[in-house]
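Here's the structure, in structure tokens; my notes come after.
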Amino acid sequence: MVEIDQDFIQPPEHRPKLSIIEAENIPVIDLSPILDDSNNVKNPLVIDELVRKIGSACKEWGFFQVINHGAPLESRQRIESVGKKFFGQKMEEKKKVRRDIVNVMGYYETEHTKNVRDWKEVFDFTVKESTLVPASIDPDDKEVTHWYNQWPEFPLEMRETFQEYAQHMKKLALKIMELIALSLGLPPKRFDDFFKDETSWIRLNHYPPCPNPDIVLGCGRHKDSGALTVLAQDEVSGLEVRRKSDGEWVLVKPLPNAYIINAGDVIQVWSNDAYESVEHRVILNAEKARLSYPFFLFPSHYTMVEPLKELTNDQNPPKYRPYNWGKFLATRKRSNFMKLDVENIQIHHFRI
């Protein structure tokens, strides 16, 4: 066994299993019915069936894959190519855009999940070139500030490539949010206003080969805190999700040019637990590196996240107290730069 820094080693109960279960029957949803512009009158029966499938996937799995989604393959190929160029540089070059408590976007190589270090390096950037966020985590402080992206000198095309990809992901994410709204019996545009000044961002994850993938994780178990995640990954498997039916960790096999969609904690709160976010993690490969690039759809900083009134009543009262999204986000971001003695802020802290 190669000597591994203790910071990376998972507690025995959270280590990957030796026998990997490959997930079967994961919902694969064809979005072509809503993208076929040549068919001016969309068949309502087909749309209804699509909405039913989305709702069923959110309820039973918490995630699904989409195909025929309309996002151009060329843009995805470019971001992957540029990402490999960036991560292939020497460490001193990458650290020129290393993030810190002031510049929270950029490169980072010492990320922790559940206080255990992840075997990965990342590059983060916001969709809006300056993103409006609270200036502090103090609930009474109304001051706001901006997050700015840090772009490296190399690759030259990185900024343009990433910004273009981000717009395609935003369009796809909002289209899926419309289908999720319909599946909950809401108007399709019900969620749109929450994203007017979105705090959405994209991460590039690079998972190098690991000599001890039996005791280390690329990313520890967690749930996504935002509204919706749109994940692209290369051909190397690594994503595991905790199956709701039996609690087993199952491996999600990548489908060519598909995106993995998972409902985040914000949707769980908005839907008052009708849809639950799914716990997931990343296992490692001893021989192959892996690249993934999730888009995180996040609300405007001033959004008060709470169960929607249309989805609550006397028989199904709100299960969560309202919380300010910006303060929640700022609190979680701050934890990136310090090891916590307590659990990071989660939606269950607001459960009634």
Side-chain angles (χ1 to χ4, degrees), residues 1-23 63 83 87-92 94-95 98-101 104 106-124 203-225 229 231 233-234 236-243 246-254 260 262 265 277-294 296 331-346 348:
M1 180 184 285
V2 176
E3 190 68 30
I4 293 276
D5 189 317
Q6 289 294 312
D7 286 354
F8 289 106
I9 297 176
Q10 291 286 331
E13 66 271 22
H14 296 305
R15 293 174 187 174
K17 289 192 174 180
L18 295 176
S19 56
I20 292 172
I21 305 170
E22 197 164 287
F63 80 106
F87 288 124
Q89 297 180 99
K90 292 179 179 178
M91 183 59 75
E92 59 260 33
K94 292 182 281 192
K95 282 190 171 181
R98 192 176 192 265
R99 72 184 197 208
D100 55 39
I101 203 159
V104 300
Y107 175 76
Y108 207 58
E109 79 293 356
T110 57
E111 184 125 322
H112 290 68
T113 304
K114 310 287 187 192
N115 274 339
V116 180
R117 188 171 167 187
D118 296 328
W119 189 273
K120 69 179 179 185
E121 53 182 346
V122 304
F123 182 86
D124 299 338
R203 161 168 288 178
L204 264 74
N205 292 301
H206 176 242
Y207 304 98
C210 178
N212 297 112
D214 55 329
I215 58 173
V216 176
L217 288 170
C219 185
R221 71 200 189 282
H222 66 284
K223 295 183 175 185
D224 289 348
S225 60
T229 303
L231 173 72
Q233 53 181 342
D234 66 14
V236 180
S237 297
L239 175 68
E240 285 192 330
V241 300
R242 194 188 286 279
R243 190 163 51 195
D246 58 8
E248 286 284 357
W249 287 106
V250 295
L251 186 68
V252 182
K253 190 175 180 181
I260 296 170
N262 66 281
D265 286 344
S277 61
V278 66
E279 195 171 33
H280 51 287
R281 67 184 186 183
V282 175
I283 61 172
L284 295 159
N285 193 299
E287 284 88 35
K288 296 178 182 176
R290 177 174 177 266
L291 199 68
S292 73
Y293 24 114
F296 300 103
T331 303
R332 288 183 67 89
K333 274 291 179 192
R334 189 183 66 144
S335 74
N336 285 337
F337 307 102
M338 56 189 71
K339 196 163 183 175
L340 301 179
D341 296 325
V342 295
E343 181 186 34
N344 201 350
I345 191 168
Q346 309 283 352
H348 69 71

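Not measured: the values here are computed from a predicted model.
Under 3.5 Å, the side chains of His280 and Asp224 contain a donor-acceptor pair of N or O atoms.
Considering CD1 of Ile21 and CG of Asp246, their distance stands at 7.0 Å, rounded to 0.5 Å. Between atom CG of residue Leu239 and atom CH2 of residue Trp249 there is a gap of 9.0 Å, rounded to the nearest 0.5 Å. The CZ atom of Arg281 sits 12.5 Å away from the OG1 atom of Thr113 when rounded to the nearest 0.5 Å. Taking CD1 of Ile215 as the start and CD1 of Ile4 as the end, the distance is 6.0 Å to the nearest 0.5 Å.
Residues satisfying the ring-ring contact (aromatic ring centres under 6.0 Å, His included) criterion with Tyr207, sequence neighbours excluded, are absent altogether. When the ring-ring contact (aromatic ring centres under 6.0 Å, His included) test is applied to His14, no partner is found at least two apart in sequence or on another chain. Residues meeting the side chain to side chain donor-acceptor pair (under 3.5 Å) test with Arg117, sequence neighbours left out: none. Under the salt bridge (charged side-chain N to carboxylate O under 4.0 Å, His left out) criterion, Arg221 pairs with no residue, sequence neighbours left out. With sequence neighbours excluded, the residues satisfying side chain to side chain donor-acceptor pair (under 3.5 Å) with Glu109 are Arg98. Residues satisfying the salt bridge (charged side-chain N to carboxylate O under 4.0 Å, His left out) test with Asp5, not counting sequence neighbours, are none. Legend: residues meeting side-chain contact (heavy atoms from CB on, under 4.5 Å) with Pro254, ordered by chain and number and at least two apart, are Gln233, Ser237. Partners of Lys223 under the side chain to side chain donor-acceptor pair (under 3.5 Å) rule, at least two apart in sequence or in another chain, do not exist in this structure. Residues that satisfy the side-chain contact (heavy atoms from CB on, under 4.5 Å) test with Pro209, not counting sequence neighbours, are Ala289. For Ser277, the side chain to side chain donor-acceptor pair (under 3.5 Å) partners two or more places apart in sequence, or in a different chain, are Asp265, Gln268. Every residue meeting the salt bridge (charged side-chain N to carboxylate O under 4.0 Å, His left out) condition with Asp118, not counting sequence neighbours, appears here in chain and number order: Lys120.
In this structure a side-chain-to-backbone donor-acceptor pair under 3.5 Å is missing from Arg203 to Asp124.
Looking at Glu121, Gln89, His206 one by one, the single match for side chain to side chain donor-acceptor pair (under 3.5 Å) with Lys94 turns out to be Glu121.
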message: The test is side-chain contact (heavy atoms from CB on, under 4.5 Å); show your working for Asn212 and Phe8 and say whether it passes.
response: CA-CA 10 Å; Asn212 297 112; Phe8 289 106; over 6 Å; no

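The salt bridge (charged side-chain N to carboxylate O under 4.0 Å, His left out) analysis of residues 11-23, with sequence neighbours excluded, yields the pairs Lys17-Glu248.
The side-chain heavy atoms of Asn205 and Pro294, taken from C-beta on, include a pair separated by under 4.5 Å. Val252 places a side-chain heavy atom less than 4.5 Å from the side chain of Phe63. Counting only heavy atoms from C-beta outward, the side chains of Ile283 and Leu217 approach each other to under 4.5 Å. Within the 4.5 Å cutoff, side-chain heavy atoms of Arg290 are placed close to those of Val282. Side-chain contact check for Val241 versus Val250: some heavy-atom pair is nearer than 4.5 Å. Using a 4.5 Å heavy-atom cutoff, the side chains of Tyr293 and Phe123 are not in contact.
Contact between Val216 and Pro16 at its shortest, heavy atoms only, is O-CG, 4.1 Å. Of all non-hydrogen atoms in Cys210 and Leu284, the two that sit nearest each other are CB-CD1, 3.8 Å.
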